[in-house]
Amino acid sequence: MAEPFLDGETVAFPEAERLAVRNPADDSLIDSVPEGGAPAVDAAVESAQRAFGAWRDTPAARRGEILAAAAHHVLQQRDELAALLTREQGKPLREAALEITRFVHTLEHYAGLAKNIRGGYVPDLDVGAYGMIVRRPLGVIAAIVPWNFPTTLLGNKLGPALICGNTLVAKPAETTPLTTLRIAALMHEAGLPKGVFNVITGSGPATGQLLATHPQVRKVAFTGSTPVGKRLAALVADDLKRMTLELGGSDPLIVCDDADLEAAASAASVGRFFNCGQACLATKRLFVFDSVADAFIAKLVAKVERLRIGPGIAERVTTGPLHTARGRALIEAQVADALASGAELLVGGRRPEGPGLDQGYFYQPTLLLEPKPTARVACEEVFGPVLPIWRVKDLDEAIARANDSPFGLGSAIWTHDLARASFAAEHLQAGYTWVNSVNRVYDELPFGGWKQSGYGKEHGSEALDFYLETKAVVMKWR
Ligand code: NAD
């Protein structure tokens with residue numbers, strides 16, 4: 001039975017209620033973890049607080065070396081970690097291995113920035129006085145992470161938090177705690193000092209909320225749904241805790257009439273169906289110019305029909321199960337609503353049948369044409385393998401409709417026309433715009449949503465700003 005990882009070791013909570021961890025591919029029980037509650041939260045935050053002083057005072061370059069060594073050790077165990085991630089999350093093994101690699105690369109990126117954490121110097125502030133801009137770590141960071149990319153989204157917080165000298169308590173989703181627990185143990189094996197990175201387990205309302213509101217937690221780094229993000233923001237506002245919110249999205253992809261339709265269709269297929277559509281950054285609404293719509297849709301349907309559904313552990317599978325039965329029920333309700341609104345079903349639209357598919361939470365990759373703009377798939381986030389498509393007459397209409405969303409996470413346009421690409425880059429209301437590409441996130445570039453997709457940035461050197469306090473120092477020497 002898995003247990004939290006606190007103060008450099010696994011700690012059992014025998015009194016706690018157990019939460020089941022199930023395999024989405026066949027609904028079998030894999031393991032269980034305790035509902036940590038107050039005892040685990042207090043122990044984890046105290047451990048992180050105790051470790052903070054020594055970690056903060058460790059030279060930044062040394063912190064970088066330790067983080068790089070820990071990342072390297074995780075990479076050595078990639079195959080074991082990927083198999084565990086596939087079992088608890090459901091994604092194909094190839095995607096799980098990619099996710100572990102991404103986690104490692106993000107830690108290496110921040111390890112590489114260790115010697116570049118900079119403040120400032122302002123000369124001649126006054127007679128015999130200069131100013132300094134000093135940057136200090138915050139203290140204990142709470143990282144609350146969802147189940148769709150349990151390790152990538154952890155790395156986005158762990159890397160910048162640790163390199164800046166903070167310590168961290170992570171609470172993975174209750175359905176995907178196992179890979180995170182294993183990674184914490186591996187990183188300590190490789191030399192991460194005890195207490196610098198702790199992992200507690202439990203549900204959001206019972207354990208996550210206690211962690212976020214714990215008085216010694218200085219910052220909450222949250223990735224998850226917009227409603228939970230809003231609730232947490234209100235709860236921590238009382239203590240004016242720092243907060244980064246990476247929330248839901250409904251990313252548009254615009255396909256113009258001059259686009260390479262074959263490449264755009266491939267991008268739409270990968271952009272929507274990667275991780276069975278359960279990605280924050282994903283092609284969730286598609287707008288195609290009317291004059292090329294039929295040709296484009298024919299190519300996209302052909303690609304979607306070639307996707308191979310099955311358990312993530314099986315070879316050559318491209319589309320695993322949805323992560324939970326509840327998630328699949330929500331997708332089914334959104335598709336039913338779209339069809340009732342008059343949408344045409346182009347492909348998919350039901351559960352697949354066949355050997356090995358009856359116990360898992362599978363759903364066919366689905367394309368819907370022209371649901372009403374008021375349909376749920378147009379207005380809500382669709383967190384599964386369903387893509388609504390609309391025809392548009394030109395770029396102005398495409399951008400207006402793309403921006404007609406409460407979300408502003410990612411966006412993409414497929415065109416060879418420089419003027420169209422530039423116009424879209426300036427006018428799409430989102431934290432990321434891809435031109436002739438989709439959904440590839442780079443450690444070098446800041447990532448974070450506009451509007452109800454959140455605030456604050458992860459990735460890039462910009463993320464460091466969200467793990468440091470800035471202080472002005474006046475030095476009067478005469
Ligand atoms: P969720 O908000 O339900 O849960 C996310 C995490 O928050 C989990 O660890 C959960 O246990 C915890 N949580 C839930 N309720 C809580 C509470 N009251 N207090 C404290 N913690 C609580 O999200 P989900 O549905 O599991 O994840 C999918 C959502 O995450 C989607 O909306 C997706 O777009 C979003 N997401 C955003 C990004 C991004 O970077 N913007 C990345 C991935 C996922």
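The residues of the chain are indexed from 1 along the displayed sequence. Excluded from the calculations below are hydrogen atoms, water molecules and symmetry mates; all remaining heavy atoms, backbone and side chain alike, are included. Atoms within each ligand, like the ligands themselves, are counted from 1 in listed order.
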Please work out whether any backbone atom (N, CA, C, O) or any side-chain heavy atom from C-beta onward of [X] is under 4.0 Å from ligand 1, and answer side chain, backbone, both or neither.
X      : result
Glu458 : neither
Ile144 : side chain
Leu211 : neither
Gln278 : neither

Counting from 1 in the order shown, the ligand 1 atoms closer than 4.0 Å to a non-hydrogen atom of Gln209 are 17 (C), 18 (N), 19 (N), 20 (C)
For Phe383, the atoms of ligand 1 under 4.0 Å from one of its heavy atoms are 28 (C), 31 (C), 33 (C), 34 (O)
Are Phe222 and ligand 1 in contact, using a heavy-atom cut-off of under 4.0 Å? yes
Is the closest heavy-atom distance from Ser453 to ligand 1 below 4.0 Å?
no
Exercise for review: Using a strict 4.0 Å threshold on nitrogen-to-oxygen distance, state whether Arg18 and Glu35 make a salt bridge.
Suggested key: no
Does a side-chain N-to-carboxylate-O contact under 4.0 Å join Arg22 and Asp27? yes
Could you say whether the N/O atoms of Cys280 and ligand 1 ever approach to under 3.5 Å?
no
Geometric N/O contact Leu247 with ligand 1, under 3.5 angstrom: yes
Which residue and heavy atom of the protein sit nearest [atom], plus the separation:
atom                    : answer
atom 3 (O) of ligand 1  : Ser225 OG, 3.9 Å
atom 10 (C) of ligand 1 : Glu174 OE1, 3.8 Å
atom 44 (C) of ligand 1 : Asn148 ND2, 3.3 Å

